[in-house]
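Worksheet for the structure shown next.
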Amino acid sequence: MKHDHTFAEPQQLAPVYFSPPKAWWFHTSDFFIFYYILSAIIGFIVIVVLLASLSGGSARSSGQTQAPAVISSQEPPPADNGVGVQALSEASSETEPAESASSDQTALLKSAQEQPTYALRVEAFRQLKDNPVLSPEQRNEVSRALTEAETALQTWEKNMALAKRYLEQEYYSSAIKALAPFLEKGPVLGPLLKEAEELYSKAHTKKIDYFLLKGQLTQAKKALKEAQSANLPDTVTQEYADKIKNLELAGR
């Protein structure tokens with residue numbers, strides 16, 4: 001039996017495999033490792049620069065926030081949620097009325113203290129005693145001033161009553177002595193001063209009349225001089241001077 005051996009035709013290799021080797025270039029696969037290393041270095045540098053810039057910016061911002069804290073160390077910083085600012089504004093808004101109220105209180109007290117008479121001071125202090133505008137300390141001050149004014153007024157009213165009683169009992173010298181302090185005290189007595197002036201003049205004339213009725217011309221002359229030194233009206237003193245002169249002439 002005859003065997004036929006059929007062999008394939010010999011094949012020729014591609015010409016590329018017989019090309020001489022070429023030099024390296026950046027797009028070759030052998031240089032990829034260097035790309036990776038260079039990219040890592042550049043990325044590391046970028047990260048370091050970013051971190052440095054961020055740390056510097058935060059340091060500057062922290063310095064800026066601390067500066068106002070030092071400048072305004074005497075005042076509490078406002079809260080972040082705005083409550084502190086609102087509280088400060090409310091406090092400042094409440095301070096102005098308080099100052100205004102304080103000035104009003106001082107004006108009220110001064111007005112009461114400067115009333116021209118004891119009677120008016122008593123009335124003014126009584127109105128202020130329960131005034132809600134005043135502070136507790138000022139109310140205490142008003143109470144003390146009211147007590148002093150009432151005491152002074154009551155004292156002068158008692159002295160006036162005593163002088164009137166002396167006149168009724170014909171103790172004219174005692175009445176004159178009791179009424180003289182009223183004239184020295186002056187306008188602060190108010191209506192009491194006018195009443196005292198009238199009674200003072202009346203006490204002097206009553207004293208002169210008393211000695212004239214008793215026929216005691218010497219004592220009547222002394223009472224007349226006393227009335228003249230007390231600055232009684234000239235019309236009054238001159239009238240009594242004429243009476244005394246006529247009595248003296250009649251007695252001769």
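Counting begins at 1 with the first residue of the sequence. Predicted model, so just to flag it, every value in this text is computed and none were measured.
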query = What residues, two or more places apart in sequence or in another chain, satisfy ring-ring contact (aromatic ring centres under 6.0 Å, His included) together with F182?
reply =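 With sequence neighbours excluded, F182 shows a ring-ring contact (aromatic ring centres under 6.0 Å, His included) to W156, given in chain and number order.
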ask   = With sequence neighbours excluded, what pairs up with Y166 under the ring-ring contact (aromatic ring centres under 6.0 Å, His included) test?
value =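 Per chain and number, Y166 pairs via ring-ring contact (aromatic ring centres under 6.0 Å, His included) with no residue.
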I need the full list of salt bridge (Lys or Arg N to Asp or Glu O under 4.0 Å) pairs touching [range], with sequence neighbours left out, sorted by first then second residue.
range            : value
residues 159-169 : K164-E195
residues 172-181 : none
residues 115-133 : R126-E150

key: Shortest non-hydrogen contact from I176 toward A203   =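 The answer is CG1-CB, 3.5 Å.
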message = To check you understand the geometry: which heavy-atom pair defines the closest contact between T117 and P187, and what is its length?
response =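 Heavy atoms only, the tightest pair is CG2-O, 3.5 Å.
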Is [Y] close to [X] at the side-chain level, that is, under 4.5 Å between some pair of heavy atoms?
X    : Y    : answer
Y240 : D209 : yes
K194 : E198 : yes
M160 : L199 : yes
L212 : I244 : yes

request  = Give a yes or no on this: more than 12 heavy atoms of other residues, nucleotides or ligands lie within 6.0 Å of atom NZ of K243.
outcome  =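 Count over threshold, so yes.
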task = Determine whether Y118 and L183 fall in the same hydrophobic cluster, where Ile, Leu, Val, Met, Phe, Trp and Tyr are linked whenever their side-chain heavy atoms lie under 4.5 Å apart.
result =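 Yes, because Y118 and L183 connect within a single hydrophobic cluster, where side-chain heavy atoms sit under 4.5 Å apart.
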Joint cluster assignment, L120 & V122, ILVMFWY side-chain distance < 4.5 Å =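 No, it is not one cluster - the side chains of L120 and V122 are not joined through contacts under 4.5 Å.
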Considering residues at least two apart in sequence or located in another chain, which fulfil the side-chain contact (heavy atoms from CB on, under 4.5 Å) criterion with [X]?
X    : result
A230 : Y200, H204, L232
T155 : T151, N159
V46  : I42, L50
E170 : Y172, Y210

query = Who passes side-chain hydrogen bond (donor to acceptor under 3.5 Å, both in side chains) against D234, sequence neighbours left out?
reply =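 Checked D234 against side-chain hydrogen bond (donor to acceptor under 3.5 Å, both in side chains); zero matches.
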Any pair counted as ring-ring contact (aromatic ring centres under 6.0 Å, His included), so long as it reaches residues 133-153, sequence neighbours left out =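 Not a single pair qualifies under ring-ring contact (aromatic ring centres under 6.0 Å, His included).
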Would you tabulate the side-chain donor-acceptor contacts of residues 216-228 under 3.5 Å, counting partners in other chains and residues two or more places apart, or write 'none'?
unit_1 : atom_1 : unit_2 : atom_2 : d
K221   : NZ     : E248   : OE2    : 2.2
E226   : OE1    : K207   : NZ     : 2.9

key: Spatial distance of atom CD (E141) from atom OG (S135) [nearest 0.5 Å]   =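 It comes to 8.5 Å.
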ask   = Measuring from E239:CD to I208:CD1, what's the distance to the nearest 0.5 Å?
value =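 CD1 of I208 is found 10.0 Å from CD of E239.
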Between N131 and Q127, a side-chain donor and acceptor under 3.5 Å =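 The answer is no; no qualifying pair exists.
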task = Using the side chain to side chain contact (heavy atoms under 4.5 Å, CB included) rule, take L153 and L192 through it: C-alpha gap first, then chi angles, then the decisive distance, then the call.
result = CA-CA 9 Å; L153 182 60; L192 287 177; 4.2 Å; yes
key: S201 side chain to E197 backbone, donor-acceptor under 3.5 Å   =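 Between the backbone of E197 and the side chain of S201 there is no qualifying donor-acceptor contact (under 3.5 Å).
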